[in-house]
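These notes are about the structure you will find just below.
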Amino acid sequence: MKTNDVALFYQNLGIDRSNPPEYLLKKMNDWPKFESFCCTKTEVEKLVNPQQIFSTFHSKYSEYSVIEAFERSNQPERCSMFLENPEYFFKYMTSTPEQRREMNGRGLGSNTITLKEYKEKFYILDGNHRVLFAKVADIPLVYAEVTVYTPDPKRTNLFRRAKEMGIILDDYVLDSESAAAYFADELDDNSYCKPFKTFENLQEVEVFLLEEQKMLARVQVNESSESKFRRIINWIFSR
């Protein structure tokens, strides 16, 4: 980013780079840990306050503050354009991807901002540089496609019961409506391991866990709990 562009951009916004406002000093890593399987997912399009977006898919920015990440994202062209026509950016950020495409002639992909939301916190999947720019420029709202993750008690209960048996339930990546089961110890060793079983719906997961719990209750093995579960599960799936 050109030094002159940065200095003029900050001057235009009333930002003292040696003493930035508090909202520019927060790191881009504020995203709560949660299990996707334990939530229902809803796809929505809505206006989001960019100051609520404090985490990003780009891990290279995760330990930087907003202003540091912005400067490393190298956006001289946007800074220059903002100085010439700030109204464009306020309109652009609140417009739909289709409207943005009409404004700049680029494809839908480069005009789409995609986020994840969990408990009113947001994570950038696509549009990282545009969101960083909006945060620094203090643009009040951005239009985004958002996947909202809402905690679901039934899913949480299934996940807990399965985990107690040494099984991790997750979303099946090849089908958004399906679930997948992994051996916990294998998943710990290899995050890319394949599921040993998939399910088309939660009822199938419920039936599966009931059957395995009954089997576990009938089998007595004088071993540690962990090795017992693993031995029983291996026996079940080798039948």
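Atoms considered below: every heavy atom in the structure, side chains included; atoms not considered: hydrogens, waters and symmetry mates.
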| task | Go through V142 and R130 one step at a time and tell me if the side-chain contact (heavy atoms from CB on, under 4.5 Å) criterion holds. | result | CA-CA 9 Å; V142 299; R130 281 165 286 161; over 6 Å; no
What's the shortest heavy-atom distance between [X] and [Y], and which atoms?
X: D152; Y: T40; value: OD2-CG2, 3.2 Å
X: F54; Y: Q51; value: CE1-O, 2.8 Å
X: V205; Y: A179; value: CG2-CB, 4.2 Å
X: D5; Y: L83; value: O-CD1, 4.4 Å
X: S62; Y: N29; value: O-CB, 3.2 Å
X: V136; Y: L24; value: CA-CD2, 3.8 Å

| said: Determine whether E186 and N190 satisfy the following criterion, side-chain contact (heavy atoms from CB on, under 4.5 Å), listing intermediate values before the conclusion. | reply: CA-CA 6 Å; E186 288 185 358; N190 176 14; over 6 Å; no
Taking a hydrophobic cluster as the set of Ile, Leu, Val, Met, Phe, Trp and Tyr residues connected by side-chain heavy atoms closer than 4.5 Å, whether directly or through intermediates, do [X] and [Y] fall within one such cluster?
X: F159; Y: F199; answer: yes
X: F133; Y: M81; answer: yes
X: L141; Y: M103; answer: no
X: I124; Y: V48; answer: yes
X: L125; Y: M28; answer: no

| request: Evaluate the side-chain contact (heavy atoms from CB on, under 4.5 Å) criterion for residues R78 and H129: first the C-alpha distance (whole Å), next the side-chain angles of each, then the deciding distance (0.1 Å), finally the verdict. | output: CA-CA 10 Å; R78 283 199 180 99; H129 291 179; 3.8 Å; yes
| request: Evaluate the side-chain contact (heavy atoms from CB on, under 4.5 Å) criterion for residues F208 and I167: first the C-alpha distance (whole Å), next the side-chain angles of each, then the deciding distance (0.1 Å), finally the verdict. | output: CA-CA 11 Å; F208 166 76; I167 298 169; 3.9 Å; yes
Point-to-point distance, once rounded to the nearest 0.5 Å, from [atom1] of [X] to [atom2] of [Y]:
X: L158; Y: L202; atom1: CG; atom2: CG; value: 6.0 Å
X: T56; Y: D30; atom1: OG1; atom2: CG; value: 13.0 Å
X: I168; Y: F183; atom1: CD1; atom2: CZ; value: 12.0 Å
X: I15; Y: D138; atom1: CD1; atom2: CG; value: 8.0 Å
X: C38; Y: D170; atom1: SG; atom2: CG; value: 9.5 Å
X: E35; Y: D171; atom1: CD; atom2: CG; value: 10.0 Å

Short N-O contact, [X] and [Y], less than 4.0 angstrom:
X: E71; Y: R17; value: yes
X: E206; Y: R161; value: yes
X: R160; Y: E164; value: yes

For [X], look at atom [atom1] and say whether over 12 heavy atoms of other residues, nucleotides or ligands are found less than 6.0 Å away.
X: K163; atom1: NZ; value: no
X: Y23; atom1: OH; value: yes
X: E200; atom1: CD; value: no
X: F89; atom1: CZ; value: yes

| task | Please step through salt bridge (charged side-chain N to carboxylate O under 4.0 Å, His left out) for the pair K46 and E117, ending with a clear verdict. | result | CA-CA 11 Å; K46 63 179 180 178; E117 178 183 358; 2.6 Å; yes
| Parallel, tilted or perpendicular: ring planes of W31 versus Y118, cut at 30 and 60 degrees |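 Taking Y118 first and then W31, their aromatic rings stand perpendicular (interplane angle over 60°).
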Without swapping roles, check the side chain of [X] against the backbone of [Y] for a donor-acceptor pair under 3.5 Å.
X: R106; Y: R100; answer: no
X: S95; Y: K91; answer: yes
X: R155; Y: F37; answer: yes
X: Q52; Y: F122; answer: no
X: K121; Y: S55; answer: no

| task | Indicate whether any N or O donor in one side chain lies under 3.5 Å from an N or O acceptor in the other, for T147 and E43. | result |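 T147 vs E43: donor-acceptor pair found between side chains.
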| Do the side chains of S178 and T198 get nearer than 4.5 Å, heavy atoms only? |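 In short, these two side chains do not touch, never coming nearer than 4.5 Å.
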| query | Tell me, do I67 and Y10 make a side-chain contact under 4.5 Å, heavy atoms counted? | reply |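 Yes - at least one pair of side-chain heavy atoms lies under 4.5 Å apart.
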| query | When the ring centroid of F70 is compared with that of F9, is the distance short of 6.0 Å? | reply |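 Yes: the rings meet the under 6.0 Å criterion.
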| task | Determine, using ring centers only, whether Y92 and F82 are less than 6.0 Å apart. | result |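 Ring centres of Y92 and F82 not closer than 6.0 Å.
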